[in-house]
Amino acid sequence: MSDLDERLRRLAQKGILRPELRVGVVSFVKSYVAHINLRDAGNPSGTHFEGGRYGKGEVGEFILVEGQRSILLGRIMEVRLPDGERQIIGQDYAGSNELDAIGHIQLLGSISMVDFHFTAGVDTYPRLGDRVYAAPHQLIALIPYLMIRTGDGDTPVQLELGAVGDANESKVSITPEKLFGRHCAILGATGGGKSWTTARIIEECIKHKGKIILLDATGEYGEFSGDEVMHCYLGMPVYKPETSIACSLPPTSFQESDFMALFLPSGKVQGPKLREAIRSLRLAMLCPELAEGGLIFKANKSKIDINQRLSEEAIGERVDNPNQGFDVTLLARQIEQECVYPTEFGKNSQKWGNYDSSSYSYCLSLIIRINAVISSAAYECVFGRSTDKAITDAISEFLREDQRLLCICLSGIQHEFNAREIIANTIGRYLLYLARKGDFKANPAVVVVDEAHHFLGRQIGSEDMFSRLDAFELIAKEGRKFGLCICLATQRPRDITEGVLSQMGTLVVHRLTNDRDREIVERACGEIDLSASSFLPNLQPGEAAIIGIDFPFPLAIRINKPSYRPRSDGPNYQKHWKAE
Ligand SMILES: Nc1ncnc2c1ncn2[C@@H]1O[C@H](COP(=O)(O)OP(=O)(O)OP(=O)(O)O)[C@@H](O)[C@H]1O
């Protein structure tokens, strides 16, 4: 018998409607709300029962209504006195069990009286006078399991994330299908506990032999260690684990749109010249006999041989293929060669004309930028003459081997020229390519993107020429059917497009204080959870509400501390600023 079945058996033995937890009776019923006359709301405090605290009439508390055919689960959303009796509570009020308090409850789902199977929605409505009890924490903790339990003895893989209350028996476990099946977002204001939660989730996945690829934007997750963990880094991180492998990103992983985002051509001349130069360099690579030193010289040269090779299907198609590689280090010099008149004016249309100095002067700023980008420290791991392992090879090796966590540290990549965003997007696109190829079908993986607001929904460039960094959005849209799911962690949900957030089946929401962030979360969750968002500003660090299509109600839990703590602590002023 699994641990969960054993907990359920013990709970069934005691019963879930406990006389000690009675809170009142139903006095009003409407389609999805009911009112209860609360027995103990006037008492000065709640009670402790079997290791857990119960408010017995407090906002946020889960309750059970003993219905006719099943037991209904609800949540107290409001507690108040009828207007005429408000005055009873004065400055010297010391509590009274005579108080006629009314609790408004939102009905969330039904629990079968036979096997405790939980279904979202109400099967039969309560009647006036039905008795109402506080729901035992042990029961609330088991709700995700009660929704999927088949009763055939099979123990599903469950990730133990945290607990509902303090009692040992209120541990909450969630299947990977529910958590990642339709992607997952970990949200919360800074200091809310996102990094710790991410670490806890990763730890649980490793325990159950899941495959996780973590894009670590800030180098927080270096503490993960062991045989199942592979660390690698790009750039020059300040801190890196000893075993971490230096990697490079081959420029062949870049597509034409990446080069547009990198070099930001502007105006009406630079974009076409850049495209033409890229085509020429591809041709030079495919047909080296047409090139000199890797360059295609055009000024006053014949077009015949070049046009002939381009008319060959195999060459023409590859020259226009955005994934076709070329020698990017020659790009600035090739642009110079593109600055020619299109024909030998008035004479021969089969030859290019002379150098066009005005085009060249329009392209000068582009050429300067290309040289600056290619020689910049930020792109050292891409364009530098490095012998480091290609990150694409590291990913493929990780997928082949038995390792469970690939942590790719991006913190060493500088921010200039949007390097971090463009490089992360290229890695995302490579993962999507592997997914479309079917590499994750029998080996489902989750890509965890920390500080996701840097990488999603970004658009780089000017109005005439821009490039969207959309690899992770595409994974969110189509990765699921290929076995690749995404788990985002961000403190700025408002910076992630609504389209992407609405793709997230499960949200793990920590304290959210910003109104706009909360609105975004409300919109992404659907109507049933609107009322729940009012609880979000009050969550403590390490507490999170799990909201989503597979969860009938936002389950607020205290996330367990991970064994490998992220390096996310703020400065210790007390230690370092103490006067001598
Ligand atoms: N599950 C938890 N149990 C106990 N304490 C926690 C838990 N999660 C977070 N904390 C506390 O909250 C602090 C901040 O957590 P964390 O670094 O995960 O926040 P964050 O949301 O990632 O912040 P930031 O966005 O600034 O990186 C931790 O240092 C820890 O003290």
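In this chain, numbering begins with 1 at the start of the sequence shown. The structure presented is a predicted model; accordingly, all values stated were derived computationally and were not measured. The figures here come from the full heavy-atom set of this structure, side chains too, leaving out hydrogens, waters and symmetry mates.
Scanning for side chain to side chain donor-acceptor pair (under 3.5 Å) contacts around Lys389 gives Glu397, with sequence neighbours left out. Every residue two or more places apart in sequence or in another chain that forms a side-chain contact (heavy atoms from CB on, under 4.5 Å) with Asp388 is listed here: Ala246, Ser248, Ser386. Under the rule for a ring-ring contact (aromatic ring centres under 6.0 Å, His included), the partners of Phe62 that lie at least two apart in sequence or sit in another chain are Phe553. Residues passing the ring-ring contact (aromatic ring centres under 6.0 Å, His included) test with Tyr379 are Phe383, sequence neighbours excluded. For Phe254, the ring-ring contact (aromatic ring centres under 6.0 Å, His included) criterion is met by Phe259, not counting sequence neighbours. With sequence neighbours excluded, the residues that form a side-chain contact (heavy atoms from CB on, under 4.5 Å) with Thr513 are Ala189, Arg511. Ser112 pairs by the side chain to side chain donor-acceptor pair (under 3.5 Å) definition with Asp115, not counting sequence neighbours. Listed by chain and number, the residues in a side chain to side chain donor-acceptor pair (under 3.5 Å) with Thr392 amount to none (sequence neighbours excluded). Checked against salt bridge (Lys or Arg N to Asp or Glu O under 4.0 Å), Glu478 has the following partners two or more places apart in sequence or in another chain: Arg436. Residues passing the side chain to side chain donor-acceptor pair (under 3.5 Å) test with Glu61: none are found, sequence neighbours excluded.
Listed for the Arg7 side chain is no donor-acceptor partner under 3.5 Å among the backbone atoms of Gln138. Side-chain atoms of Arg420 come within 3.5 Å of backbone N or O of Ser411 as a donor-acceptor pair. A distance-only check finds no donor-acceptor pair linking the side chain of Tyr221 to the backbone of Pro566 [under 3.5 Å]. Although no hydrogens or angles enter the test, the distance criterion places no donor-acceptor pair under 3.5 Å between the side chain of Asn418 and the main chain of Glu421. Remark: side-chain polar atoms of Lys441 are paired, donor with acceptor, to backbone N or O of Lys481 under 3.5 angstrom. When atom types are taken as modelled, the side chain of Arg565 and the backbone of Pro562 share a donor-acceptor pair closer than 3.5 angstrom. Looking only at distances, no side-chain donor or acceptor of Asp450 sits under 3.5 Å from a matching main-chain atom of Ala217. Panel note: side chain Lys194, backbone Ala489; no donor-acceptor pair is recorded below 3.5 Å. Between the side chain of Ser110 and the backbone N or O of Asp123 there is at least one donor-acceptor pair closer than 3.5 Å. Side-chain atoms of His453 never come within 3.5 Å of backbone atoms of Thr490 as a donor-acceptor pair (strictly under, hydrogens ignored).
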Note to self: Using the rule given for salt bridge (Lys or Arg N to Asp or Glu O under 4.0 Å), can you reason through Glu203 versus Lys207, listing the C-alpha separation, both sets of side-chain angles and the distance that settles it, and then say yes or no?
What the structure shows: CA-CA 6 Å; Glu203 218 168 85; Lys207 202 158 91 190; over 6 Å; no
Check: Run the side chain to side chain contact (heavy atoms under 4.5 Å, CB included) check on Val448 and Ile212 step by step: do they pass?
Finding: CA-CA 7 Å; Val448 180; Ile212 304 286; 3.7 Å; yes
Margin query: Show, in sequence, the C-alpha distance, side-chain angles and deciding distance for Glu451 and Thr218, and conclude whether the side-chain hydrogen bond (donor to acceptor under 3.5 Å, both in side chains) test is met.
Written below: CA-CA 8 Å; Glu451 305 286 342; Thr218 47; 4.7 Å; no
Check: Could you go step by step and tell me if Gln324 and Arg318 meet the side-chain hydrogen bond (donor to acceptor under 3.5 Å, both in side chains) rule?
Finding: CA-CA 6 Å; Gln324 176 66 42; Arg318 288 176 71 183; 3.2 Å; yes
Next item on the list: Quick one: do Arg518 and Val521 satisfy side chain to side chain contact (heavy atoms under 4.5 Å, CB included)? Show the steps, please.
Entry: CA-CA 5 Å; Arg518 277 209 309 279; Val521 171; 5.6 Å; no
Checklist line | Chi angles and distances behind the side chain to side chain contact (heavy atoms under 4.5 Å, CB included) call for Ile140, Val172 | finding: CA-CA 8 Å; Ile140 298 300; Val172 175; over 6 Å; no
Note to self: Is there a side-chain hydrogen bond (donor to acceptor under 3.5 Å, both in side chains) between Thr506 and His183? Walk through the geometry before answering.
What the structure shows: CA-CA 7 Å; Thr506 305; His183 311 297; over 6 Å; no
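Electrostatic pairing of Glu256 and Arg282 counts as a salt bridge here, judged by a charged N lying under 4.0 Å from a carboxylate O. For the pair Glu473 and Arg468, the salt-bridge criterion is met [side-chain N within less than 4.0 Å of a carboxylate O]. One finds no salt bridge joining Arg492 and Asp517 here, because no Lys/Arg side-chain nitrogen approaches an Asp/Glu carboxylate oxygen to under 4.0 Å. Taking a cutoff of 4.0 Å between a charged side-chain nitrogen and a carboxylate oxygen, Arg200 and Glu204 qualify as a salt bridge. Residues Asp402 and Arg404 are paired through a salt bridge, judged by an N-O separation under 4.0 Å between the basic side chain and the carboxylate.
In this structure, Lys211 is positioned above the aromatic face of Phe398, its NZ or CZ under 6.0 Å from the six-membered ring centre and within 45° of the axis. In this structure, Arg567 forms a cation-pi arrangement with Tyr239, its terminal cationic atom sitting closer than 6.0 Å to the ring centre and no more than 45° off the ring axis.
Here Gln158 contributes atom CD and Tyr145 contributes atom OH; the two are 7.0 Å apart, rounded to the nearest 0.5 Å. Separating the CD atom in Glu177 from the CG atom in Leu159 is a distance of 9.0 Å, to the nearest 0.5 Å. Within the model, atoms SG of Cys184 and CD1 of Ile201 stand 5.0 Å from one another, a figure rounded to the nearest 0.5 Å. With values rounded to the nearest 0.5 angstrom, Leu507 atom CG is found 6.0 Å from Ile547 atom CD1. Interatomic distance, CD1 of Ile63 versus CD1 of Ile71, reported as 11.5 Å (0.5 Å rounding). Here the straight-line distance linking atom SG of Cys407 with atom CG of Leu214 works out to 4.5 Å at 0.5 Å rounding.
Looking only at side-chain heavy atoms (C-beta outward), Val157 and Pro176 come within less than 4.5 Å of each other. Side-chain contact between Leu139 and Ile111: present, with at least one pair of heavy atoms (C-beta onward) separated by less than 4.5 Å. Residues Leu161 and Asn560 fail the side-chain proximity criterion, which asks for heavy atoms closer than 4.5 Å. In this structure, Leu108 and Val122 have side chains that are not in contact, with every pair of non-hydrogen atoms separated by 4.5 Å or more.
Judged purely by distance below 3.5 Å, without hydrogens or angles, the side chains of Ser173 and Glu160 never pair a donor atom with an acceptor atom.
Within 6.0 Å of CZ in Arg182 there are 12 or fewer heavy atoms belonging to other residues, nucleotides or ligands.
The side-chain hydrogen bond (donor to acceptor under 3.5 Å, both in side chains) analysis of residues 423-432, with sequence neighbours excluded, yields the pairs Asp258-Arg429, Ser396-Tyr430.
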Identify all side-chain donor-acceptor contacts of residues 225-237 below 3.5 Å with residues at least two apart in sequence or on another chain.
| unit_1 | atom_1 | unit_2 | atom_2 | d |
| --- | --- | --- | --- | --- |
| His231 | NE2 | Phe224 | O | 2.7 |

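Here the closest heavy-atom approach between residue Ala135 and residue Leu64 is recorded as CB-CG, 3.7 Å. For the residue pair Ile486 and Val446, the shortest heavy atom distance occurs at C-CG1, 4.4 Å.
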